[in-house]
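To keep things clear, I will list the structure first and then write my remarks on it.
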Amino acid sequence: MTQRKGEKPTISIQEHMAIDVCPGPIQPIKQISDYFPRYPRGLPPAAPHQAGHIGPLRSALSTSSAAASATTAAESDRPNEDNPDRACAGAAASSPAVRRDEEPDVEGYDSDDSTTLGTLEFSLQYDQENNALHCTINKAKLPIPRYKKGLKPMDHNGLSDPYVKLHLLPGASKANKLRTKTLHNTLNPVWSETLTYYGITDEDMVRKTLRISVCDEDKFRHNEFIGETRIPLKKLKPNQIKNFNNCLEKQLPVNKTEDKSLEERGRIMISLKYNTQKSCLVVGIIRCAHLAAMDANGFSDPYVKTYLKPDENKKSKHKTAVKKKTLNPEFNEEFCYDIKYADLTKKTLEVTVWDYDIGKSNDFIGGVSLGINANGERLKHWFDCLKNKDKKIERWHTLTNELPGSLND
């Protein structure tokens, strides 16, 4: 077939059929989407490469026509070769190059699962003097362009009833859970609410992590999880406020290999003082915080018992008054144990917290042991008492569900 100069090449229907069914290497079948690249929302389409406004479809077709023209010219020199194969290969090889220049990598712009869950603004402060961790939950912001609001909608009306809850890890339990109020029918909640953990020690600041979870409250079903973020407390400096604006993430697994006997049941503040004039150890039960709820109403009726072991005469038991319907009782009671100073190195102070019940056995909430056989803050508190006679030493301690000395109520 001869072709005049300047005339566009033509391909017959027979040649098209031959291209589709001819043997040879399998070429990718072009899709209509190849000519219409998807641009991520918010990004402008790529500018044309040439002065003329030539769209991707026309550019690809002209490139294919040029390849077919070159093939037709070569056909006149080599009439015995199967030129449709070469025309097909030429078109397939040229069009991806055009798409590679004009089509952006849309996968790189897709929002991941973290950002689609929303963001949370909050601040943390460790009050070292008062052993308190202040957590101020501010608001959820507008994090992602493809949602019109900040949080991922959970309800059928496209809104949520969000609230925030806090846990301390490891040892997460209902005892150390704090939560904000629930804000209804919103995707941009503003809480401006401060939650405080009491009894936080320097040891806790080194090994604990604060988990902040955002959930959707549902009156008729289980509350739904929206997202969470975790902050290692060692990132905080004492008495300094640190602000955060974190993306919420999917729920991360909790390490379930932790010893269940060390499940936290709350905190207790104890004071120790050895009175040299009276030759006695003064034990003060000041207050408890974040106790585990043992009753159906979500509270407990706590009281505290103390033992100084070994107790051969079984006369070392002391008990505080019962505080009704509270998880943060204040006792401010002191007990005296007549004992020589030299004998303190052989003794262990066991403190247990119980929930008082009428008509049935009282429930054990948690306990802690102080003495030379203890470790960490409990051992340090005991040694500080021995080294500082006639001086009251106050410390917060963590209650666990391990019953000291296998005591019975």
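Numbering starts at 1 and runs along the sequence shown.
Between the CD1 atom of Ile372 and the CG atom of Leu344 there is a distance of 10.0 Å, given to the nearest 0.5 Å. In this structure, Ile285 CD1 and Tyr303 OH are separated by 13.5 Å, a value rounded to the nearest 0.5 Å. With rounding to the nearest 0.5 Å, the separation of CG in Leu236 from CG in Leu133 is 6.5 Å. Between the CD1 atom in Ile268 and the NE2 atom in His290 there is a gap of 13.5 Å [rounded to 0.5 Å]. A distance of 14.0 Å separates NZ in Lys324 from CZ in Phe299, rounded to the nearest 0.5 Å. Rounding to the nearest 0.5 angstrom, the gap separating the CG atom in Asn131 from the CE atom in Met205 is 10.5 Å.
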- Task: Evaluate the criterion side chain to side chain contact (heavy atoms under 4.5 Å, CB included) for residue pair Leu124 and Phe244; output intermediate values, then yes/no.
- Result: CA-CA 8 Å; Leu124 302 176; Phe244 297 87; 3.8 Å; yes
- Message: One pair to check against side chain to side chain donor-acceptor pair (under 3.5 Å): Asp161 and Thr182. What are the steps and the verdict?
- Response: CA-CA 6 Å; Asp161 302 319; Thr182 301; over 6 Å; no
- Task: Please report the C-alpha distance between Leu120 and Asn246 in whole Å, then the side-chain angles of each, then the deciding distance to 0.1 Å, and finally whether the side chain to side chain contact (heavy atoms under 4.5 Å, CB included) criterion is met.
- Result: CA-CA 6 Å; Leu120 185 69; Asn246 288 11; 5.8 Å; no
- Item | Phe122 and Ile231: CA distance, side-chain angles, deciding distance, side chain to side chain contact (heavy atoms under 4.5 Å, CB included) verdict | CA-CA 11 Å; Phe122 58 96; Ile231 305 297; 3.9 Å; yes
- Task: Verify salt bridge (charged side-chain N to carboxylate O under 4.0 Å, His left out) between Glu394 and Lys273, making sure each step is shown before the conclusion.
- Result: CA-CA 9 Å; Glu394 296 181 353; Lys273 173 185 174 182; over 6 Å; no
- Message: side chain to side chain donor-acceptor pair (under 3.5 Å), that's the test. Do Asp204 and Tyr197 meet it? Break it down for me.
- Response: CA-CA 11 Å; Asp204 292 327; Tyr197 279 107; over 6 Å; no
- Query: Taking it one step at a time, do Val282 and Tyr337 satisfy side chain to side chain contact (heavy atoms under 4.5 Å, CB included)?
  - Reply: CA-CA 6 Å; Val282 181; Tyr337 291 99; over 6 Å; no
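A salt bridge is defined here as a Lys NZ or Arg NE, NH1 or NH2 lying under 4.0 Å from an Asp or Glu carboxylate O, and Arg179 with Glu217 meets this definition. Between Lys392 and Glu334 a salt bridge is recorded (basic side-chain N to carboxylate O distance below 4.0 Å). A salt bridge is absent between Lys315 and Asp311; no separation between the charged side-chain nitrogens and carboxylate oxygens falls under 4.0 Å. A salt bridge does not link Asp343 to Lys340: none of the charged nitrogens lies less than 4.0 Å from a carboxylate oxygen.
In this structure, the side chains of Thr119 and Glu121 stay at 4.5 Å or more apart for every pair of heavy atoms. Using a 4.5 Å cut-off on side-chain heavy atoms (C-beta onward), Trp382 and Leu272 make contact. The side-chain heavy atoms of His381 and Ile393, taken from C-beta on, include a pair separated by under 4.5 Å. The closest side-chain heavy-atom distance from Ser271 to Ile286 is below 4.5 Å. Counting only heavy atoms from C-beta outward, the side chains of Pro170 and Arg207 approach each other to under 4.5 Å. Here the side chains of Ile212 and Val164 are in contact, with some heavy-atom distance below 4.5 Å. Side-chain contact between Lys237 and Lys242 is absent, with no heavy atoms from C-beta onward closer than 4.5 Å. Cys385 has its side chain within reach of Leu281: a pair of non-hydrogen atoms, C-beta onward, lies under 4.5 Å apart.
Annotation: Ile241, atom CD1; neighbour count of heavy atoms from other residues, nucleotides and ligands within 6.0 Å does not exceed 12.
Residues Glu377 and His397 approach most closely at O-CE1, 3.6 Å, considering heavy atoms. Considering every non-hydrogen atom in both Pro329 and Leu291, the closest pair reads CD-CD1, 3.7 Å. Nearest heavy atoms, Lys208 versus Leu168: CD-CB, 4.5 Å. In this structure, Lys305 and Tyr307 approach most closely via the heavy-atom pair NZ-OH, 3.6 Å. Between Asp127 and Asn130 the shortest heavy-atom distance is OD2-ND2, 2.7 Å. Across all their heavy atoms, Ser369 and Glu350 have their closest contact at OG-CG, 3.7 Å.
One N or O on the side chain of Thr345 and one on the backbone of Ala342 form a donor-acceptor pair closer than 3.5 Å. At least one donor-acceptor pair under 3.5 Å links the side chain of Lys347 to the backbone N or O of Pro310. The backbone N or O of Lys181 sits less than 3.5 Å from a side-chain atom of Trp191, completing a donor-acceptor pair. With hydrogens and angles ignored, the 3.5 Å screen pairs a side-chain donor or acceptor of Thr326 with a backbone N or O of Asn328. Of the possible donor and acceptor atoms, one in the side chain of Asp355 sits under 3.5 Å from a partner among the backbone N and O of Asp301. One N or O on the side chain of Arg265 and one on the backbone of Ile365 form a donor-acceptor pair closer than 3.5 Å. Judged by distance alone, the side chain of Thr320 and the main-chain N or O of Val304 form a donor-acceptor pair under 3.5 Å. Tyr274 places a side-chain N or O within donor-acceptor distance of the main-chain N or O of Tyr341, the cut-off being under 3.5 Å. With hydrogens and angles disregarded, no donor-acceptor distance shorter than 3.5 Å links the side chain of Glu402 to the backbone of Gly367. Here the side chain of His167 pairs no donor or acceptor atom with the backbone of Leu210 at under 3.5 angstrom.
Asp363 and Tyr356 are not linked by any side-chain donor-acceptor pair at a separation below 3.5 angstrom, with hydrogens and angles left out of the test. For the residue pair His134 and Thr196, a side-chain donor N or O sits within less than 3.5 Å of a side-chain acceptor on the partner. Checking Ser300 against Asp295 by side-chain atom types alone, no donor-acceptor pair falls below 3.5 Å. When only modelled atom types and interatomic distance are considered, Asp202 and Gln128 share a side-chain donor-acceptor pair under 3.5 Å.
Cation-pi check for Arg287 over Tyr198 is met; the charged atom lies under 6.0 angstrom from the ring centroid and within 45 degrees of its normal.
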